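Here's the structure we're looking at; comments come further down.
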Amino acid sequence: MTLALYNTLTRRVEPFTPLAAPPARVTLYTCGPTVWNYAHIGNFRTFLFEDLLRRYLAYSGYDVFHIMNLTDVDDRTIKAAAAAGKRLDEHTAPFVQAFFEDRDYLRIAPAHVYPRATQSVPAMVRLVERLLERGIAYKGDDGSIYFAIAKFPTYGRLSRLETRELKVGARVASDEYAKDDPRDFALWKKAEPIDEQVGAAWDAPFGRGRPGWHLECSAMSLEQIGKCCHAETLDIHAGGVDLIFPHHEDEIAQSEAATSKPFARFWVHGEFLNVRGTKMSKRFGNFLTARDLRDQGVDAAAVRLLFWQTHYRKALDFTDDALAAAGAGVKRLGEFYERLGRDGGRGTGDGDGGGAGGGGGRLADLAAKFEADFRAALDDDLNAPRACAALFEFVHNGNAALDGGAGGTAAARAVLDRAMSVLDILPSAKAADPALERWIGERLAARDKARKSKDFKEADRVRAELAAKGVEIEDTPSGTKWRLV
RNA sequence: GGCGCCGUAGCCAAGUGGUAAGGCAGAGGUCUGCAAAACCUCUAUUCGUCGGUUCGAUUCCGACCGGCGCCUCCA
């Protein structure tokens with residue numbers, strides 16, 4: 001079995017066959033955040049889907065080179081900086097920082113490089129020059145540089161909007177008359193006063209200005225894969241569905257017109273996160289940021305599981321109920337994982353279990369089945385919901401096997417660890433400070449004493465006291481366990 | 001108007017031309033001093049509606065109803 005992915009270019013699920021077998025290098029470019037503000041969890045749904053893709057490629061043995069850009073100059077960043085009376089980099093710096101914090105909170109594996117638009121201007125200027133030399137770009141009447149769609153016959157191949165017409169009543173851009181063809185898009189925008197004001201203008205042979213939105217991704221991805229792999233074609237380019245048009249369509253046009261090579265072999269797009277049926281968006285004000293969740297004490301593992309339980313190409317409605325349900329699932333998974341470690345002191349793979357459910361190695365067998373199902377599911381266009389179903393089936397059957405005294409826990413735990421390298425949904429450990437821990441120890445001892453003398457009233461009172469502080473307890477044959485909730 | 005997606009149990013959500021995964025919630029039971037956790041059992045004759053193709057459709061086709069997305073700078 002090998003990985004197959006839905007390729008937006010062909011609208012089909014196709015086997016993912018890189019130029020060489022694992023451990024071959026795979027180049028993955030994902031469109032990152034525009035750092036004009038905090039990213040919301042809708043944005044992060046896409047980044048999490050890309051995290052799943054990247055981790056599963058690694059799990060499958062590939063040497064992934066993951067590039068994620070940071071858009072730190074565009075209309076919104078400039079407007080926001082001007083509104084705040086700041087320079088562009090002054091305005092974006094905290095949001096870049098916040099993005100990395102949110103990324104870490106959500107356990108998203110860091111990309112290998114985070115090229116920034118403002119730091120890649122030379123590469124962008126070179127790309128524009130190449131297009132000018134080839135006669136595909138031209139200077140408009142307003143002094144901006146445009147890409148001539150007419151010179152790129154396959155324009156529209158990705159989005160299939162080649163025959164599009166402007167929607168009735170759609171607004172007409174102010175630069176409409178500066179372009180040869182209304183469909184042409186800006187590569188380089190002539191510097192305006194507001195750009196100068198915030199420091200978002202650069203000199204170029206074709207005029208002082210700033211990059212158009214699409215240009216950065218073409219320039220930076222080509223620059224990065226040139227450096228790392230001497231290539232001009234990406235293995236995979238990913239993003240949200242809303243980027244298909246015009247962003248990715250335009251990236252293809254710019255890149256391929258310049259290199260005459262396919263820009264990316266696979267285009268994969270993640271669906272939206274919705275709120276009550278409508279896409280989460282800053283514009284609609286129906287958004288929630290990652291830090292909102294973090295501040296509410298939401299375990300990132302629950303967010304991840306919630307997202308994994310819906311296929312990445314299907315819209316997902318975000319609700320508190322769904323998040324809570326995922327939280328319960330995460331907790332159960334954590335219990336099982338802990339139990340494997342605890343009961344696994346003796347299990348080595350061929351077990352000692354003599355109970356009803358378990359012969360030797362029963363858990364190892366279950367783990368092997370789980371791993372096969374897990375892979376088959378993710379190989380099938382990253383069917384994470386199915387992978388999660390396999391996981392919980394394993395939890396269920398594994399618990400039953402443990403109840404029956406089965407062995408093989410070390411093997412089972414190893415399999416689970418491998419799966420977690422992809423899903424990463426074990427509950428976050430909540431650390432207690434030493435003082436609290438000491439107090440818990442005292443209380444537990446008191447309760448134990450009460451229980452031994454059959455003073456259950458007192459024992460229950462202590463349990464309630466602990467619960468009031470968020471300490472949940474569980475009596476087990478090997479003593480009372482506690483955890484913070 | 002153009003292109004496209006979605007509609008499966010109380011909630012969330014996989015799925016296949018051959019008879020409905022998984023999660024959460026709920027009910028009963030085992031275990032426990034009681035709990036908790038775990039386990040066992042149960043919870044969709046049915047997959048928006050109506051037609052069609054087929055031996056057979058939730059799965060293919062058509063129409064309709066409902067929800068949503070993109071159509072120039074939104075992940």
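Since the structure is predicted, the reported quantities are computational estimates derived from the model, not experimental observations. Below, read A as the first sequence line, B as the second, and so on, with proteins coming before strands; counting in each chain starts at 1.
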Look at A:R332 and B:rC39 and indicate whether a side-chain polar atom (N or O) is within less than 4.0 Å of OP1 or OP2.
-> yes
**Prompt:** Is A:D475 salt-bridged to A:R451, cutoff N-O under 4.0 Å?
**Reply:** yes
Picking from B:rA14, B:rU72, B:rA75, the nucleotide nearest the side-chain atoms of A:P246 would be B:rU72
| request: Ignoring backbone atoms, test whether A:K189 places a side-chain nitrogen or oxygen under 4.0 Å from the OP1 or OP2 oxygen of B:rC73. | output: no
B:rG10 -> Watson-Crick or G-U wobble partner, both distances under 3.5 Å, gives B:rC24
(Q) Taking any heavy-atom pair under 4.0 Å as a contact, classify A:H311: base, sugar-phosphate, or nothing. (A) sugar-phosphate
Would you say A:H396 places a side-chain N or O within less than 4.0 Å of OP1 or OP2 belonging to B:rC40? yes
Note to self: Counting the atoms with a prime plus P, OP1 and OP2 as sugar-phosphate, which does A:T278 contact under 4.0 Å by heavy atoms, base, sugar-phosphate, or nothing?
What the structure shows: sugar-phosphate
**Asked** Going through the checks in order, is the side-chain contact (heavy atoms from CB on, under 4.5 Å) test met by A:N286 and A:H40?
**Response** CA-CA 10 Å; A:N286 60 351; A:H40 58 65; over 6 Å; no
So, with a heavy-atom separation below 4.0 Å from RNA chain B, the residues of residues 446-466 of chain A are A:R447, A:R451, A:F456, A:D460, A:R463
Next on the checklist: Taking the basic N atoms (NZ, or NE/NH1/NH2) and the acidic carboxylate oxygens, is any pair closer than 4.0 Å for A:R461 and A:E458?
Outcome noted: yes
- Query: Got a donor-acceptor pair under 3.5 Å from the side chain of A:K279 to the base of B:rC68?
  - Reply: no
Applying side chain to side chain contact (heavy atoms under 4.5 Å, CB included) to A:D381 and not counting sequence neighbours gives A:L5, A:Y6, A:V13, A:H311, A:Y312, A:R313
Are OP1 or OP2 of B:rG4 and a side-chain N or O of A:R160 less than 4.0 angstrom apart? no
Any strand, both distances under 3.5 Å, Watson-Crick or G-U wobble: B:rC3 pairs with B:rG69
A:N383 side chain N/O closer than 4.0 Å to the phosphate oxygens (OP1, OP2) of B:rA14? no
### Message
Applying a 4.0 Å non-hydrogen cut-off, can you work out what A:F336 is touching in the nucleic acid: base, sugar-phosphate, or nothing?
### Response
nothing
Regarding the side chain of A:A389, the nearest nucleotide among B:rA21, B:rA38, B:rC40 is B:rA21
Of B:rC73, B:rG23, B:rC39, the nucleotide closest to the side chain of A:D75 is B:rC73
As its Watson-Crick or G-U partner within any shown strand, both distances under 3.5 Å, B:rG18 has B:rC55
What class does the angle between the rings of A:F95 and A:Y38 fall in, given that below 30° is parallel, 30 to 60° is tilted and above 60° is perpendicular? perpendicular
query: Are A:D75 and A:K79 within salt-bridge range, i.e. N to O under 4.0 Å?
result: no
From the list A:H214, A:H237, A:H269, ring pair (Phe, Tyr, Trp, His ring centres under 6.0 Å) partner of A:H247 resolves to A:H214
Q. Do A:E216 and A:R210 sit within salt-bridge range, that is, some charged N less than 4.0 Å from a carboxylate O?
A. no
(message) Less than 4.0 angstrom between a side-chain N/O of A:R313 and OP1 or OP2 of B:rC6, yes or no?
(response) no
Indicate whether OP1 or OP2 belonging to B:rA14 is found under 4.0 Å from a side-chain N or O atom of A:K314. yes
Winner on side-chain proximity to A:R283, out of B:rC73, B:rC74, B:rC24, is B:rC74
Ranking B:rC70, B:rA38, B:rC74 by distance to the side chain of A:F245, first place goes to B:rC70
Worksheet item: Do A:N399 and B:rC40 have a side chain to base donor-acceptor pair shorter than 3.5 Å?
Response: no
